[in-house]
Amino acid sequence: MMYHYSRRKIMRGKQVSGRVLLVLCVASFLAGSLFCTSRMTWTTQLHSPNKEADHQFPIISSRIKKLEASSSVAQDKDCDLKRKLVEGKSEDDIMAEMTKTHQAIQSLDKTISTLEMEIAAARASQRLEGQLKLDDGASNNDPTTHPKQKAFVFIGINTAFSSQKRRKTVRETWMPRGEKLKKLEKEKGIVIRFVIGQSAMPGGMLDRAIEAEEAEHNDFLRLNHVEGYHELSTKTRLYFSTAISIWDAEHRSKPRIYIGCMKSGPVLFQKGVKYHEPEYWKFGEEGNKYFRHATGQIYAISKDLATYISNNLPILHRYANEDVSLGSWFIGLEVEHIDDRSMCCGTSPDCKRRAQAGNVCVASFDWKCSGICNSAERMKDVHNLCGEENGAVWNVEL
C-alpha cells in the first residue's frame, strides 16, 4: 500500500456559519465511529475459530485468540490516529504512527498465514490417517485396519532384491531377529525394517523370494513402488509416507530436526559419470556445489518432517540423487540441520580407535564405496571391532 501526501495552500473563501460547522463535525464523528466499529466486527468474524476448530486444534486456536487481541490493539491505534489528526499533531508524528500501524498489520497478516498453513497440514494429516489406502503407500499395510503403533524411533534399511547376503549379515550383527526383534519394539520402542518395493514383473520370481524371506523373518516394509537405482528419490518419499501411516514415532525433544553427516559435494555435470546431475544448470555455474545436506548412507528426520513429505508428495521435486532430493525438500523450511560426525566414521582403524576411546560411532563405512566395501564379507569384522557390546541397547533408558 502506498501513501501520498501533498501540501496544499490554504485558500481564503466565504465564511461558513457556526451551525454548518457543528453539523459537519457531528457527521464526521459518527462516520469515524461507524468505520472503526465495523472494522473490528469484520476482523473478529473473519479470524475467530469455531468451537469445532477449538476442539481439534487447541494450540492453534489459542494462538489465534492472541492474534485477535493484538489485532484489536492495532485497530485501537488506528482509531487513536484519527483522533490525533483532529488534535493538531504534526505531520511527522502522524506519519510515524501510520508507519507503526502498517507494520503491525503486515506482521499480523504473516502470522495468520502461517497459522492457516499449520491448520491445513493438521487437517491433511487427519485425512491421511482416515483414508482407506495410501495412494502411494505400502501394498500390505492398511492404516485403518491396524491403528498406529507407538514407537520411539523407526529405522528403515533401504535394500534391493539382489542384497540377500547383506541382509543376512545385518541380521547376524546389529539387527535382532525373531522374538528379540519383537522385544526391542515392545520394551524400547525401536522398530527396524528392511524397506523394499516391487519388481518390474509383479508376482514374479524376485517378489516371491522376498515373500519367502518375509515369512521367515517378518522384518520387511513393502512399498507400492517399482525398484530401480534411479528411482531412489521416489522410494524415499514413499518410505516416509508409508512409515508414518503405520507407526507414530514422535520426536520427544525438538520439532523439525534433520540429522546426519552434512556435506556439500560438487554438482557433476559431465554425462556418463557416477552421480551425474542432469539438472546441474539449476545450481549455477559449472563447478558449483550442492547446498548442505545429509549424506545418503544414514540420516534421521523427526516425525513432523516425515508428515510434511507425506502431505506434499506430488509437488516435491526429485533430483538424480536421493540425498540431494531430501535436503532440497527442507532447504526453505524452518528446519534445524544437525551435523553429527559420529554417523559417518570410517572403518577400522578409525572406528576402532573411537570405540576404544569411548566414542562409539553410530555408523562406519568407506567413503569410496558409499558404504562398507565388500560389505557381505567385511561387515562382521567392522561390527566386532567398532560396535558396542551386544546388550548395550537394553541398558539404555529411552
Side-chain angles (χ1 to χ4, degrees), residues 152-160 163 165-177 181 184 188 190-195 219 232 236 239 249 251 253-254 257-266 268 274-275 289-302 305 321-327 330 335-398:
F152 173 69
V153 62
F154 181 87
I155 303 173
I157 308 170
N158 204 357
T159 190
S163 302
K165 289 184 178 180
R166 293 182 184 179
R167 292 192 293 272
K168 182 176 182 293
T169 305
V170 169
R171 295 186 183 107
E172 292 174 348
T173 52
W174 62 270
M175 180 179 176
R177 291 174 287 177
L181 184 63
L184 186 66
K188 296 296 182 180
I190 301 175
V191 182
I192 309 174
R193 293 289 187 274
F194 291 106
V195 182
D219 56 6
L232 285 178
T236 300
Y239 156 64
H251 198 277
S253 57
K254 297 180 180 179
I257 297 295
Y258 176 34
I259 310 173
C261 285
M262 299 295 165
K263 65 174 184 177
S264 181
L268 301 179
K274 191 176 183 180
Y275 307 127
K289 292 185 176 182
Y290 288 112
F291 41 79
R292 286 282 174 181
H293 62 278
T295 183
Q297 285 85 349
I298 181 173
Y299 49 77
I301 65 174
S302 52
L305 293 183
N321 303 299
E322 114 279 350
D323 53 353
V324 173
S325 295
L326 184 71
F330 304 147
V335 172
E336 182 177 356
H337 290 59
I338 298 179
D339 185 15
D340 188 346
R341 308 315 290 184
S342 71
M343 300 176 74
C344 56
C345 297
T347 55
S348 186
D350 179 34
C351 61
K352 181 180 179 180
R353 183 174 61 252
R354 290 171 179 257
Q356 291 174 341
N359 301 318
V360 180
C361 295
V362 175
S364 302
F365 53 83
D366 302 308
W367 282 102
K368 64 180 180 180
C369 297
S370 297
I372 298 178
C373 299
N374 302 318
S375 58
E377 291 76 23
R378 295 183 58 235
M379 194 180 300
K380 288 183 180 179
D381 292 336
V382 174
H383 178 72
N384 292 333
L385 290 171
C386 306
E388 296 179 291
E389 58 185 21
N390 292 334
V393 68
W394 302 105
N395 299 321
V396 177
E397 291 294 332
L398 300 177

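The first residue in the sequence is number 1, and the count goes up from there. The figures here come from the full heavy-atom set of this structure, side chains too, leaving out hydrogens, waters and symmetry mates.
A salt bridge links D323 and K263; the closest N-O separation between the charged side-chain nitrogens and carboxylate oxygens is under 4.0 Å. Comment: R171 engages D219 in a salt bridge, judged by a side-chain N to carboxylate O separation of less than 4.0 angstrom.
Listed by chain and number, the residues in a side chain to side chain contact (heavy atoms under 4.5 Å, CB included) with S375 are R166, I372, M379 (sequence neighbours excluded). The side chain to side chain contact (heavy atoms under 4.5 Å, CB included) search around E377 returns N374, not counting sequence neighbours. Taking the side-chain hydrogen bond (donor to acceptor under 3.5 Å, both in side chains) definition, one finds that K165 meets it with nothing, sequence neighbours left out.
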Would you mind writing out the side-chain donor-acceptor pairs for residues 353-364 within the sub-3.5 Å range, not counting sequence neighbours?
unit_1	atom_1	unit_2	atom_2	d
R353	NH2	D350	OD1	3.3
R354	NE	D350	OD1	3.3

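Between H337 and Y258, the ring planes lie perpendicular to each other; the angle is over 60°, past the 30° to 60° tilted range.
Of all non-hydrogen atoms in Y290 and N321, the two that sit nearest each other are OH-ND2, 3.8 Å. When all heavy atoms are compared, the tightest approach of Y239 to G156 is OH-N, 3.3 Å. When all heavy atoms of K368 and C373 are compared, the pair lying nearest together is CE-SG, 3.8 Å.
The stretch residues 374-393 participates, sequence neighbours left out, in no ring pair (Phe, Tyr, Trp, His ring centres under 6.0 Å) pair at all. Residues in residues 356-366 take part in these salt bridge (Lys or Arg N to Asp or Glu O under 4.0 Å) pairs, two or more places apart or across chains: D366-R378.
Judged by distance alone, the side chain of D339 and the main-chain N or O of M262 form a donor-acceptor pair under 3.5 Å.
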